[in-house]
Asks: 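My structure is below; once you've seen it, I'll send some questions.
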Amino acid sequence: MLGRGAQTVSVLAHPFDMALPSFMKHLAVLEHSGLIRTHKTGRARTCELLPARLSEAETWLAEQRAVWEARSDRMVEFVEHLHEEEQAHVAGTRRKR
Amino acid sequence: MSQEPVASADANDLVITRSLRAPVSALWRAWTEPDLLKQWWCPKPWSTEVRAFDLRPGGAFHTFMQGPDGGTSDNPGCFLDIVPQARIVFTSMLTAGWRPNTPWLGFTADIAMSAQGAGSLYVARVMHPDAATRDRHEQLGFFDGWNTCITQLDEFALTLAPK
């Protein structure tokens, strides 16, 4: 998407089934890795790609980090939801007794 | 996150840490029950099929991911070390029974989980081979698959965007 030019965070976040703070964390990883640059204009934060700043090897590792960071975020969300369901189930069982 | 490999023996290691409100037992379930694992393993709209999951050292761990455009990512591998409720180590460099493999994406992942207060601490260390191997893998087009996925999301978003 950024390949078409700078975009605001809300436009970038729109297609993803993810809370904005989580999405911002992913952007922070990309920015820290030097793959994108962000700047604030009024209330909107805009992102743009930084083309070819990194060597191929560094880009490769940054991409792997992005894959594992995102996987870990999905896992945490899943596990915490799983735990809440287990707790609710235990509470429900106790009430029935 | 730091770009310095502070806690890492090698510049090609990734160390990813998360603190969870959920206990280790829930974390362990999410990693060791294939029906649960496949729900978070890859980003939607890609889906994960767990083709083999033999949770013991030398046992097969094989995932197959499929994208909305028919793109696929086949990832056979094997477990190296299992410590119940604490640690899972697996690699793509070997398949079931420690048989040597030449994967398109070489890595060994060391997943550690421990109690932390009422919740848990999760630390994933993902180790990669040297740069030459990585470059070769990149040429095999892994990221084309993910980029296709992102392109599709992009196109979908454009249909939703206010005109």
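Below, read A as the first sequence line, B as the second, and so on, with proteins coming before strands; counting in each chain starts at 1. Since we're looking at a predicted model, the values are computed, not measured.
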Asks: Sort A:E86 into side chain, backbone, both or neither according to what part of it lies under 4.5 angstrom from a heavy atom of chain B.
Replies: side chain
Asks: So, for A:R74 and B:C42, which heavy atoms are closest and what is the spacing to 0.1 Å?
Replies: NH2-CA, 3.4 Å
Asks: Does A:R71 count as lying over the ring of B:W41, i.e. NZ or CZ under 6.0 Å from the six-ring centre, within 45 degrees of the axis?
Replies: yes
Asks: For residues B:Y122 and A:M75, determine if any side-chain heavy atom of one lies less than 4.5 Å from a side-chain heavy atom of the other.
Replies: yes
Asks: Indicate, with yes or no, if B:V89 and B:L121 share a hydrophobic cluster defined by side-chain heavy-atom contacts under 4.5 Å among Ile, Leu, Val, Met, Phe, Trp and Tyr.
Replies: no
Asks: Taking B:I82 as the starting point, is it possible to reach B:I111 by hopping between hydrophobic residues whose side chains are less than 4.5 Å apart?
Replies: yes
Asks: Indicate if B:F90 and B:F64 have the same hydrophobic cluster label, given that clusters are the connected sets of ILVMFWY residues with side-chain heavy-atom separations under 4.5 angstrom.
Replies: no
Asks: Is the count of non-hydrogen atoms from other residues, nucleotides or ligands lying under 6.0 Å from B:R51 atom CZ greater than 12?
Replies: yes
Asks: From B:R125 CZ over to A:W68 CH2, what is the distance, rounded to the nearest 0.5 angstrom?
Replies: 13.0 Å
Asks: More than 12 foreign heavy atoms under 6.0 Å from NE2 of B:H62: is that the case here?
Replies: yes
Asks: Is there a salt bridge (charged side-chain N to carboxylate O under 4.0 Å, His left out) between A:E69 and B:R18 once you walk through the steps?
Replies: CA-CA 10 Å; A:E69 292 278 2; B:R18 295 286 186 275; 2.6 Å; yes
Asks: Between atom CG of A:L82 and atom CD of B:Q39, what is the distance when rounded to the nearest 0.5 Å?
Replies: 9.0 Å
Asks: Could you tell me which portion of A:E84 (side chain, backbone, both or neither) has an atom closer than 4.5 angstrom to a non-hydrogen atom of chain B?
Replies: side chain
Asks: Treat each ILVMFWY residue as a node, draw an edge where side-chain heavy atoms are under 4.5 Å apart, and state whether B:L94 and B:L55 are in one component.
Replies: no
Asks: Do A:E77 and B:W40 touch side chain to side chain, with heavy atoms closer than 4.5 Å?
Replies: no
Asks: Decide yes or no for B:V126 and A:R65: does some side-chain heavy atom of the first lie under 4.5 Å from some side-chain heavy atom of the second?
Replies: no
Asks: Would a single hydrophobic cluster contain both A:V76 and B:I88, if residues Ile, Leu, Val, Met, Phe, Trp and Tyr are joined by side-chain heavy-atom contacts under 4.5 Å?
Replies: yes
Asks: Say you draw a straight line from NE2 of B:H128 to CG of A:L61; how long is it, rounded to the nearest 0.5 Å?
Replies: 6.5 Å
Asks: Could you tell me which of B:A124, B:P23, B:A30 has the largest number of non-hydrogen atom pairs under 4.5 Å with chain A?
Replies: B:P23
Asks: Roughly how far apart are A:E80 CD and B:S120 OG, rounded to 0.5 Å?
Replies: 7.5 Å
Asks: With a 4.5 angstrom heavy-atom cut-off, could you sort out which part of B:R21 is near chain A: side chain, backbone, both or neither?
Replies: both
Asks: B:L37 versus chain A, heavy atoms under 4.5 Å apart: side chain, backbone, both or neither?
Replies: neither
Asks: Kindly indicate whether the side chain of B:L105, heavy atoms from C-beta on, has any atom under 4.5 Å from the side chain of A:Q64.
Replies: yes
